[in-house]
Protein chains: 2
Amino acid sequence: MIEATIEAIAELGFSATTIAEIARRAEVSTGLVAFYFRDKDGLLEATLRHLSSDLARAVVSRLRAAGSPRERIQAVIDANLGASQFHRRIATVWLAFWGQVPHNAHFRRVQRIYERRMISDLVDALKAYMAPADARHLAHATAALIDGLWLRGTLAGEEPATSRAREIVTAFVDTQLLLLDLALLRRPAQEPAHAIPRTHS
Amino acid sequence: MIEATIEAIAELGFSATTIAEIARRAEVSTGLVAFYFRDKDGLLEATLRHLSSDLARAVVSRLRAAGSPRERIQAVIDANLGASQFHRRIATVWLAFWGQVPHNAHFRRVQRIYERRMISDLVDALKAYMAPADARHLAHATAALIDGLWLRGTLAGEEPATSRAREIVTAFVDTQLLLLDLALLRRPAQEPAHAIPRTHS
DNA sequence: AGGTAGTTTGAACGCACATTCAGTCAAGGG
DNA sequence: CCCTTGACTGAATGTGCGTTCAAACTACCT
């Protein structure tokens, strides 16, 4: 039923999605929505939560496979810009929900969780390389770059740009870490921070 | 009337905005919408075009005041992340339209113009510092960073983050240009490209 | 004054929607 | 074999929407 909702929003858009259409796709009656989700808004909220937890699962599973902090950063990048999130069917639905976020308290709460999770995942990993304040700073920039590439890719309707997007973010992060090394090397002699990760702060 | 539409979408959201509500705010009758814009969709498209040309004007006016290519890049950054675009009243309306883009051919056309304009403005300026292919690459990353910061700021509902967002993008661009200088200095002796802008390729 | 073209009105229309609810159906327990 | 519980149906209801259009109003010209 939630799957049918995703399908309908992806195909018809947010405002053109009706309960009758969702019921048709799910091969149930219209009345069943009220039985399980109280009303249409309840179904939509459940759908957004479903999308959000799908993404969270993708991130967690990649984080588990990651060893070094650098790999954990990459896990966040790859999960958020992975094929599953870029797939038109999913991406347009996210976008439709984002458009409603300012006017729906339920959606806003889910969005805050999404946003904070990405930041804290990135900050956790970046703290291995730099001071917490710098880590937060870079995490915000990285998160924005990820979301911006996702947004532009989705709006443009480009399907296959996913690997290119990941390369851009990867290069950005590597550049920032490289600059950190250079700065450290010029100061009182010290190893590049990410050759000996997780040893300070 | 277009102003009233912006106001209504900002306050109520896309799907809750009715012609009656717009007419009430504009202090006209509902029938007048049809007279000037054919139907509701025509009014919405005109509203999006209005927003788009407002932004374009802001960019052009800053570009005119800019001298060096570096200043032209900054003009794009400042115009897109300026207070006028971050103002909740405007930003939530943009967001609402973006959510409809995949399902409305008119909106999609306006979006393509917006997207390409930012890229070409950036590429034009960046070509002074690097090969066209590199310029396009960096332009995409910069544009994504701008849009990503805008998106996150708008979704989070933070009003005053505008100066911080601009700092992040500015720092990103400066870093990329700095790296270019470093690379050039290590190769066969050559001046940093942006000390002698616009002289090659 | 009369006429005309350009504006504006707002009630009427018909349609599409979310919600409701009385009722059907299937399964399991007593 | 009946009764209960939970899942599910779909027609009926009423509300709210965009659109239409005949009529009214305004300003300008002749």
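Atoms considered below: every heavy atom in the structure, side chains included; atoms not considered: hydrogens, waters and symmetry mates. Order of the sequence lines fixes the chain letters, A, B, ..., with proteins taken first and strands second; residue numbering starts at 1 for each chain.
- Atom CD1 of B:Ile22 is separated from atom P of C:dT9 by 15 Å (rounded to the nearest Å).
- Screening residues 5-15 of chain A for side-chain hydrogen bond (donor to acceptor under 3.5 Å, both in side chains), with sequence neighbours left out, gives A:Glu7-A:Arg89, A:Glu11-A:Arg25.
- The CD1 atom of B:Ile113 sits 13.0 Å away from atom CZ of B:Arg108, with the distance rounded to the nearest 0.5 Å.
- In terms of phosphate contacts, B:Tyr36 brings no side-chain nitrogen or oxygen within less than 4.0 Å of OP1 or OP2 of C:dT7.
- Among residues two or more places apart in sequence or in another chain, the side-chain hydrogen bond (donor to acceptor under 3.5 Å, both in side chains) test is passed with B:Asp121 by none.
- Not counting sequence neighbours, the partners of A:Arg24 by the side-chain contact (heavy atoms from CB on, under 4.5 Å) test are A:Glu21.
- Residues forming a side-chain hydrogen bond (donor to acceptor under 3.5 Å, both in side chains) with A:Glu167 (at least two apart in sequence, or on another chain): none.
- For B:Ser52, the side-chain hydrogen bond (donor to acceptor under 3.5 Å, both in side chains) partners two or more places apart in sequence, or in a different chain, are B:Arg117.
- Whole-Å rounding puts the B:Glu21 CD to C:dG10 C1' distance at 17 Å.
- Side-chain N/O atoms of B:Ser29 include none lying less than 4.0 angstrom from OP1 or OP2 on C:dG10.
- Looking at residues two or more places apart in sequence or on another chain, you find a ring pair (Phe, Tyr, Trp, His ring centres under 6.0 Å) between B:Phe97 and B:Phe14, B:Phe107.
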Which atom pairs link the protein and nucleotides 16-22 of chain C when you take only N or O atoms and keep those under 3.5 Å?
| from | atom 1 | to | atom 2 | distance (Å) |
| --- | --- | --- | --- | --- |
| C:dA18 | OP1 | A:Ile19 | N | 3.4 |
| C:dA18 | OP1 | A:Lys40 | NZ | 2.8 |
| C:dA18 | OP2 | A:Ile19 | N | 3.0 |
| C:dT19 | OP2 | A:Lys40 | N | 3.0 |

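- Qualifying side-chain hydrogen bond (donor to acceptor under 3.5 Å, both in side chains) partners for B:Asp54, counting only residues two or more places apart in sequence or in other chains: B:Arg57.
- For DNA chain D, the contact window with chain B, defined by any atom under 4.0 Å from a protein heavy atom, covers D:dC17 to D:dT20 in 5' to 3' order.
- Each salt bridge (Lys or Arg N to Asp or Glu O under 4.0 Å) pair with one or both residues in residues 35-51 of chain A, not counting sequence neighbours, appears once here: A:Glu45-A:Arg49.
- For DNA chain D, no neighbouring residue in residues 3-15 of chain B is found when judged by any heavy atom under 4.0 Å.
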Would you mind writing out the side-chain donor-acceptor pairs for residues 144-154 of chain A within the sub-3.5 Å range, not counting sequence neighbours?
| from | atom 1 | to | atom 2 | distance (Å) |
| --- | --- | --- | --- | --- |
| A:Asp147 | OD1 | A:Tyr114 | OH | 2.9 |
| A:Asp147 | OD2 | B:Arg152 | NE | 2.6 |
| A:Asp147 | OD2 | B:Arg152 | NH2 | 3.3 |
| A:Trp150 | NE1 | A:Gln85 | O | 3.3 |
| A:Arg152 | NE | B:Asp147 | OD2 | 2.7 |
| A:Arg152 | NH2 | B:Asp147 | OD2 | 3.3 |
| A:Thr154 | OG1 | A:Trp150 | O | 2.8 |

